[in-house]
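Please read the structure below before turning to the comments.
Letters go in sequence order (proteins before strands), and every chain restarts at 1.
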2 protein chains.
Amino acid sequence: MHVEELVEMIKARREALQVTQETLAELSGVGLRTLKQFESGKGNPTLLTLQKIADVLGLEVCLKLKNVSRNK
Amino acid sequence: MHVEELVEMIKARREALQVTQETLAELSGVGLRTLKQFESGKGNPTLLTLQKIADVLGLEVCLKLKNVSRNK
DNA sequence: AATAAAAGTGCATTATAGTGCACTATATGA
DNA sequence: TCATATAGTGCACTATAATGCACTTTTATT
């Protein structure tokens, strides 16, 4: 997943749960500014930051085998 | 997945592919020091760094729903 | 349209990730 | 065992992520 997709997934999930950025920031312990930056596609969060955010949304960061076979 | 698990997955994958840290660093464009730090569990890489490393190993960073139901 | 809530942005500061270099430690093979 | 390859670490520096604050823009809602 590219960064944009990860961002979209986080945003979609947050919105689905009807949580505001402000609330998510509080719940996750990540600064509001940081969250805003990330969601607006401007950021390059650290793994820890991403995990904190994902966690609260019931998501988890993982690694999976890429579409094996052929050259993208 | 906790950081340690992600690290283990990267290391296992790198070793399975018989690639040295040095080679992986070169292929991924990530500094050797950074890679060493990450693999030895000392780091908190940025998403971009993690993606660069994962990419070369045929892995991708993703978000997935956590074990729904009940309290971990 | 007016208001209010939520999201986005500029600026400045602090904390820390990324990096190279030199060196140590450990694993591996002859 | 000795040599060599590979992995780990201390130090120092640069780049940038994380953050708060104040303000603007956008998105509902009435």
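- Remark: A:D55 CG to A:L48 CG distance equals 10.0 Å, nearest 0.5 Å.
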Would A:L47 and B:L47 satisfy side chain to side chain contact (heavy atoms under 4.5 Å, CB included), going step by step from the backbone distance to the final call?
CA-CA 6 Å; A:L47 176 55; B:L47 177 55; over 6 Å; no
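- Atom CD1 of A:I10 sits about 12.0 Å away from atom CD of A:Q21, to the nearest 0.5 Å.
- Rounding to the nearest 0.5 angstrom, the gap separating the CG atom in A:L6 from the CD atom in A:E8 is 10.0 Å.
- Straight-line distance from the CZ atom of A:R33 to the C1' atom of D:dC21: 10 Å, rounded to whole Å.
- Between the P atom of D:dT16 and the CZ atom of A:F38 lies a distance of 19 Å, rounded to the nearest Å.
- Sequence order on DNA chain D of the closest nucleotides to A:K36 and B:E15 puts B:E15 first from the 5' end.
- Remark: side-chain polar atoms of A:E60 are not paired, donor with acceptor, to backbone N or O of B:K66 under 3.5 angstrom.
- The CG atom of B:L65 sits 5.5 Å away from atom CG of A:L59, with the distance rounded to the nearest 0.5 Å.
- Of the residues in residues 42-54 of chain A, those placing a heavy atom less than 4.0 Å from an atom of DNA chain C are A:K42, A:T46, in numerical order.
- Taking NZ from A:K42 and CG from A:N44, the interatomic distance works out to 14.5 Å, rounded to the nearest 0.5 Å.
- Put simply, CD on A:Q37 and OG1 on A:T49 are 11.0 Å apart, with the number rounded to the nearest 0.5 Å.
- In this structure, B:L32 atom CG and D:dA5 atom P are separated by 16 Å, rounded to whole Å.
- Applying a 4.0 Å cut-off to non-hydrogen atoms, the residues of residues 19-31 of chain B that approach DNA chain C are B:G29, B:V30, B:G31, listed by residue number.
- Under a 3.5 Å cut-off, the side chain of B:E26 and the backbone N or O of B:T23 do not form any donor-acceptor pair.
- Counting 5' to 3', DNA chain C first comes under 4.0 angstrom of a heavy atom of chain A and last does so at the ends given by C:dA6 to C:dA17.
- Residue contacts shown for A:T34 include a base, since a base heavy atom lies under 4.0 Å away.
- Between B:V56 and B:K52 there is no side-chain heavy-atom pair separated by less than 4.5 Å.
- Rounded to whole angstrom, the span from the NZ atom of B:K11 across to the P atom of D:dT6 amounts to 16 Å.
- Taking 4.5 Å as the limit, some side-chain heavy atom of A:M9 sits within range of a side-chain heavy atom of A:M1.
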